[in-house]
K.L.:
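Let me begin by handing over the structure; questions about it come next.
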Amino acid sequence: RFLPATITVMLLCFSAVVQASILDSLIGFCKRAVWARPRCTTAAVVATAKGGFGNEAAPKRPKAAAKVQKKRTAQRIDAIDFYDRAKVLAGQGNHLEAMQLYKKARVAMGRASGKNSSDYAKICSNLGSTFRVLGKLDFAIELYQEAKLAFAWSLGPEHPSCISCLIMLADTQREVGGLGEAETILKEAISTSASRLEICYNEYMLALRTLARLYKATNRLADCEPLLLEERRVQALALKHGFAQ
């Protein structure tokens, strides 16, 4: 009669041992999971509180962006002031002082609006013309090239300002003896302006005359005749459609 009671006690003891073992295993697993989890550092907490994620840098503060914008606005105002004063001096024949102011305007506008803006291109073009008057033709060519790229980027290659810049560049190339370069540039100006004749009439006519003058100066009189005929044709077309200025 004592045998069933003994077996029962043994089973209860075995069950308690198994449960204790399982509990120890669960506690060990939980500890390992906790320690294996990535820790949240103070820097991560601060970055997250500022609007970032983890170790990413927090976004720029609105005050900093406003400060940058205010500085650029001031630089643009300075650039316009330098430019206006330079134009007055150039109109009075004081090209040396005008050149200095145009240089300042170029730097200020480049910082304010970027070197691909139309305002920057306009300043470069005027500075190039001032260098040309002063006989510094190499500098003039560099400025016209820079202006041409900026006009093309900001306004498009078919804009009248860009084509005018091409014509001035070509004429300056002719003055330094770059006749081949001048001819290539003028042909580009003629081709581009012909596609937008309704807004580039004046530039088209100027490019034709400038190329004709180049041919005449190099005794290529046979090449002048087609240009003169084209000039008359376009003049009649402009009168007919009313886009001559």
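Hydrogens, waters and symmetry mates play no part in the numbers below; they use all other heavy atoms, side chains included.
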K.L.:
Does a side-chain heavy-atom distance below 4.5 Å link Asp84 with Ile80?
P.N.:
yes

K.L.:
Applying a strict under-4.5 Å side-chain criterion to I, L, V, M, F, W and Y, I'd like to know whether Leu211 and Leu228 cluster together.
P.N.:
no

K.L.:
Please report the closest heavy-atom contact between Leu214 and Ala182, naming both atoms and the distance.
P.N.:
CD1-CB, 3.6 Å

K.L.:
Check side-chain hydrogen bond (donor to acceptor under 3.5 Å, both in side chains) between Asp119 and all other residues, then give those that pass, not counting sequence neighbours.
P.N.:
Arg76

K.L.:
Can Arg232 and Glu230 be counted as an ion pair, charged N to O under 4.0 angstrom?
P.N.:
no

K.L.:
Report whether Phe82 and Met109 are members of the same hydrophobic cluster (ILVMFWY, side-chain heavy atoms less than 4.5 Å apart, transitive linking).
P.N.:
no

K.L.:
Are there more than 12 heavy atoms of other residues, nucleotides or ligands under 6.0 Å from atom CD of Glu175?
P.N.:
yes

K.L.:
For His95 and Leu134, work out which heavy atoms get closest and say how close.
P.N.:
CB-CD2, 3.8 Å

K.L.:
Could you list the cluster mates of Ile141? Members are the ILVMFWY residues connected by side-chain heavy atoms closer than 4.5 Å, either directly or through other members.
P.N.:
Leu137, Tyr144, Leu166, Met168, Leu169, Val176, Ile185

K.L.:
Ser118 and Phe151: which non-hydrogen atoms are nearest, and at how many Å?
P.N.:
O-CE2, 3.9 Å

K.L.:
Is Leu197 reachable from Leu186 through a run of I, L, V, M, F, W or Y residues, each pair having side-chain heavy atoms under 4.5 Å apart?
P.N.:
yes

K.L.:
Measure from the side-chain N and O atoms of Thr218 to the backbone N and O of Tyr215, and report whether any donor-acceptor pair falls under 3.5 Å.
P.N.:
yes

K.L.:
Verify the cluster assignment for Val133 and Leu89: are they in a single hydrophobic cluster under the rule of side-chain heavy atoms below 4.5 Å apart?
P.N.:
no

K.L.:
Which pair of heavy atoms, one from Ile163 and one from Glu203, lies closest together, and at what distance?
P.N.:
CG2-CB, 3.7 Å

K.L.:
Do Lys71 and Lys67 come within less than 4.5 Å of each other through their side chains, counting heavy atoms only?
P.N.:
no

K.L.:
Could you tell me whether the side chain of Glu97 reaches within less than 4.5 Å of the side chain of Gln92, counting heavy atoms only?
P.N.:
no

K.L.:
Under 4.5 Å between any side-chain heavy atoms of Tyr120 and Glu146, yes or no?
P.N.:
yes

K.L.:
Counting only heavy atoms not in Arg111, do more than 12 sit closer than 6.0 Å to its CZ atom?
P.N.:
no

K.L.:
Which atom pair, heavy atoms only, marks the closest approach of Ser117 to Ala150?
P.N.:
O-CB, 3.9 Å

K.L.:
With rounding to the nearest 0.5 angstrom, report the CD to CD distance, Glu142 to Gln145.
P.N.:
7.5 Å

K.L.:
Side chains of Glu231 and Tyr204, heavy atoms from C-beta outward: is any pair under 4.5 Å?
P.N.:
no

K.L.:
When you look at Asp171 and Arg174, which way does the salt bridge (charged side-chain N to carboxylate O under 4.0 Å, His left out) test go after all the steps?
P.N.:
CA-CA 5 Å; Asp171 214 24; Arg174 178 187 61 80; 2.9 Å; yes

K.L.:
Would you compute the distance between atom OH of Tyr83 and atom OH of Tyr102 and round it to the nearest 0.5 angstrom?
P.N.:
5.5 Å

K.L.:
Where the side chain of Thr130 meets the backbone of Asn126, is there a donor-acceptor pair that is under 3.5 Å apart?
P.N.:
yes

K.L.:
For Thr192, does its backbone N or O pair with a side-chain atom of Ser195 as donor and acceptor, under 3.5 Å?
P.N.:
yes

K.L.:
Less than 4.5 Å apart, any side-chain heavy atom of Arg220 and any of Glu183?
P.N.:
yes

K.L.:
So do Leu143 and Cys124 actually touch side chain to side chain, heavy atoms under 4.5 Å?
P.N.:
yes

K.L.:
Using a 3.5 Å distance criterion without hydrogens, assess whether the side chain of Thr184 forms a donor-acceptor pair with backbone atoms of Gly180.
P.N.:
yes

K.L.:
Specify the closest pair of heavy atoms between Cys224 and Ala212, including all atoms of both residues, with the distance to one decimal.
P.N.:
SG-O, 3.3 Å

